[in-house]
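All remarks here apply to the structure that follows.
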Number of protein chains: 2
Amino acid sequence: MDSGVKKPGVTSSQVARRAGVSQSAVSRTFTPGASISPKTREKVMAAAQELGYRPNAIARSLITNRSRIIAVVMAYLENLFYPDVLEELGRLLVKENYRLLLFTGHMDRDSDPVFDQLMQYRVDGIILASTTLSSHLSEECATAGIPVVLFNRTTERDAVSSVTTRNREGGRRVAEFLLAGGHKRFGYISGVESSSTNRDRFVGYREALVEAGHDDIVVGVGNYDRAEAEAAAREMLSRPDRPDALFVANDHMAVAVMDVARYEFGLSIPEDLSIVGYDDVGAARWTAYGITSMSQPLKRMVEATVNILMSQISSGEIEAEHRILSGELMVRTSARVPKSGVVEIDGRRIYKPGKS
Amino acid sequence: MDSGVKKPGVTSSQVARRAGVSQSAVSRTFTPGASISPKTREKVMAAAQELGYRPNAIARSLITNRSRIIAVVMAYLENLFYPDVLEELGRLLVKENYRLLLFTGHMDRDSDPVFDQLMQYRVDGIILASTTLSSHLSEECATAGIPVVLFNRTTERDAVSSVTTRNREGGRRVAEFLLAGGHKRFGYISGVESSSTNRDRFVGYREALVEAGHDDIVVGVGNYDRAEAEAAAREMLSRPDRPDALFVANDHMAVAVMDVARYEFGLSIPEDLSIVGYDDVGAARWTAYGITSMSQPLKRMVEATVNILMSQISSGEIEAEHRILSGELMVRTSARVPKSGVVEIDGRRIYKPGKS
DNA sequence: AGCATTTTTGCATTCGTATGCAATATGTGT
DNA sequence: ACACATATTGCATACGAATGCAAAAATGCT
């Protein structure tokens, strides 16, 4: 297979000949800031136009040693949060004149094939936006001298940059909110247990609950997966001591959990059960769910990610940088609302304890 | 800005020197099917391992004139259908040893910047998976000799390949279903009116309704956008002669429409209003919505897309090919169910008229 | 106009790999 | 051991654009 031939494509030399100048002149015409007179530039442009010439980015990359390509590794697009991230990333990267090479799919164990690809294409930077990726991969890339940013995730060894939100504080905030709502029995449906985001959210949640005297949290494992979250919810809601307050590690699962609670157990939300999610994805806002959720400032997160990458690329320094942003607890209808602490800011209701 | 230097990276010559062979030998070692003795291959592999060598895909592309990169242009990831497509595309392209360069964002008028990028990176093929892209772009690429496949969309001039489903038949099927459900007054909330998918769905819907004596369809414009669909739904449901059957051009909008109907107009679904969507996206299956929806066989569509691309790439022929698949009407709870015609196939309920 | 400066230009080389061709090594059959 | 076929190998060149350097042209200044 693979024997086909491709159209040759116009080269700078052809344009040069046509314009009656040297190949260098053509190159300079298309290199911003290069030394070229308006006159020749014009001649070149005309010739280029006629022939339909566009500089070959491959050849350019070869000699400049930059591909102007950023690799984005994203394991699961099913969670609506990530498509949004992807779109925003695309927007910003284009603005910086970079292209986006996408790698999807779960690559838990053998990250090697992906790593090979990344290295082979000499990408200028890598964004790991997935909670289930081996941290091995990131180390390897960093060692190879390619800037890496972990998106919505960190590793213990902080040799590699990351952009996250204050997940621990977020977990606390959720707990405070549910406590203020007068709930008695607390549950948690986790994401992937080893992921930093999940861990931090849970730690914060538990901390605050323990401080308030609740040290018996019912925990189920959802692995950031709908089906597993459903199963965990079924198990949890079947218990005699079923919780009346449930924190689900992300909205993607929270939606599934809500459906189970309502339609399989006939529970009223939030009367019988309060549910709080995380991420504040689009679906959380849909009226049928109206999920009360800790938001992650997606745009600012993406912006920070791109900024870190750009600065590392241009400086050549790949000193790890950790950007930590904060979200807000968006109050909707999936959880009982405390009497105080909820403020309204241009149409959105936010829980800010102490500032009723 | 942009003054940084990148780590040099190991070259085939370095490996060659180390292994005591020529650069050609190294190249041949990494070229499947090339003439190389097991002995030297081994030596080369050892040296490559030690130095951490990986062939430079950029340099390779330059000389082979193939980038092994497929560009995917996708305007709106907000519609859950497309992230799914993207994920599946990623899976199949990796399998074929191709990389996926993603372009997002609306580029209605000036598709030129995108086109430039595509050309500059000498992508081996292009997938246009967006209903709002200028057809101009596809023509241009095809002319440039790059295989193009339109995904879920066609153009009048069929010079460029496409993969679609029988949207017209789908529209008919929806109409038949709603007619069989005994509905009296029919509405339609459209996507982008100029898009082929929207047009075909509507044409089929109307045809079947007109044949049944209903020629007064209430139409609203949703432009495949949630907010616009909501507005259209509000307008439509406020009418004194409000429809009791509503076909929404895709599930992405149908979700929004359902929320408006239920929570703003207090309508019971499907008692007061039946809603049918299109695409059968994940959210349609969520119990809170349970949208009855025409499915599009996503996996087979993606498979066909990749197949067309691969065959065009390897043959060098870019003769347009049109693959048209069929979906099923997935019956759930958002629309009244006819007494007959609904069959159950391994757990899923499907409407197949005439085969009760 | 004459000289010093600055700007523009072309030449030649480089990036890292693939590949046609000729040279060499290996293997076969007698 | 010989002639011959076959499998490997290295040499040299090509891919298309960028860039240091020196030559050439344009400009400024007196």
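Side-chain atoms are counted along with the backbone in the values below, which use heavy atoms only and exclude waters and symmetry mates. Each chain gets a letter, A, B and so on, in the order the sequences are listed, and its residues count up from 1.
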**Prompt:** How many Å lie between CZ on A/Arg17 and P on C/dT9, as a whole number?
**Reply:** 19 Å
**Asked** What integer distance in Å separates B/Phe30:CZ from C/dG16:C1'?
**Response** 13 Å
**Message:** From C-beta outward on B/Gln23, which listed nucleotide comes closest to its side chain: D/dA12, C/dT9, C/dG16?
**Reply:** D/dA12
**Request:** Using whole Å, report how far NZ of B/Lys43 lies from P of D/dT8.
**Result:** 14 Å
**Asked** So, the side chain of A/Asp124 versus the backbone of A/Ile70: is there a donor-acceptor pair under 3.5 Å, distance only?
**Response** no
**Request:** Remember a base hit wins even if backbone is also touched, and classify A/Ile36 as base, sugar-phosphate or nothing at under 4.0 Å, heavy atoms.
**Result:** sugar-phosphate
**Message:** Does D/dA18 have its OP1 or OP2 closer than 4.0 Å to a side-chain nitrogen or oxygen of A/Ser27?
**Reply:** yes
**Asked** Contact class for B/Ile58 vs. all strands (heavy atom < 4.0 Å): base, sugar-phosphate, or nothing?
**Response** nothing
**Prompt:** Does the side chain of B/Ser22 get closer than 4.0 angstrom to OP1 or OP2 of D/dG10 through an N or O atom?
**Reply:** yes
**Message:** Between B/Ser12 (side chain only) and B/Ser27 (backbone N and O only), is there a donor and an acceptor less than 3.5 Å apart?
**Reply:** no
**Request:** Say whether, by atom type as modelled, one donor and one acceptor occur between the side chain of B/Arg68 and the main chain of B/Glu96 under 3.5 angstrom.
**Result:** yes
**Fill in**
Taking C/dT8, D/dA18, C/dG16 as options, the one with an atom nearest any side-chain atom of A/Ile63 is D/dA18
**Phosphate OP1/OP2 of D/dT9 contacted by B/Ser37 side-chain N/O (<4.0 Å)** = yes
**Prompt:** Between atom CG in A/Leu51 and atom C1' in D/dG16, what is the gap in whole Å?
**Reply:** 15 Å
**Asked** Between C/dG16, D/dG10, D/dA17, which one does the side chain of B/Asn56 approach most closely?
**Response** C/dG16
**Residues A/Asn97 and A/Arg99: side-chain donor-acceptor under 3.5 angstrom** = yes
**Request:** Measure the distance from CG on B/Asn65 to P on D/dA17 and round it to the nearest whole Å.
**Result:** 11 Å
**Aromatic plane relationship, B/Tyr82 with B/Phe151 - under 30° parallel, 30 to 60° tilted, over 60° perpendicular** = perpendicular
**Asked** For A/Val26, which contact category applies under a 4.0 Å heavy-atom criterion: base, sugar-phosphate, or nothing?
**Response** nothing
**A/Ala59, nearest nucleotide to its side chain (from C/dG10, D/dA17, D/dT9)** = D/dA17
**Prompt:** For B/Ser24 and A/Arg28, take the nucleotide of DNA chain D holding the closest heavy atom to each; which residue's nucleotide lies nearer the 5' end?
**Reply:** B/Ser24
**Request:** Starting from P on D/dC15, measure out to CZ on B/Arg122 and report it in whole angstrom.
**Result:** 14 Å
**Asked** Which part of the nucleic acid does A/Thr40 contact within heavy-atom distance under 4.0 Å: base, sugar-phosphate only, or nothing?
**Response** sugar-phosphate
**Request:** Report yes if at least one side-chain N or O of A/Tyr53 is closer than 4.0 Å to OP1 or OP2 of D/dA17; otherwise report no.
**Result:** yes
**Request:** Specify the separation, in whole Å, of atom NZ of B/Lys39 and atom P of D/dT9.
**Result:** 8 Å
**Message:** OP1 or OP2 of C/dC15 versus the side-chain N and O atoms of A/Thr64: is any pair under 4.0 Å?
**Reply:** no
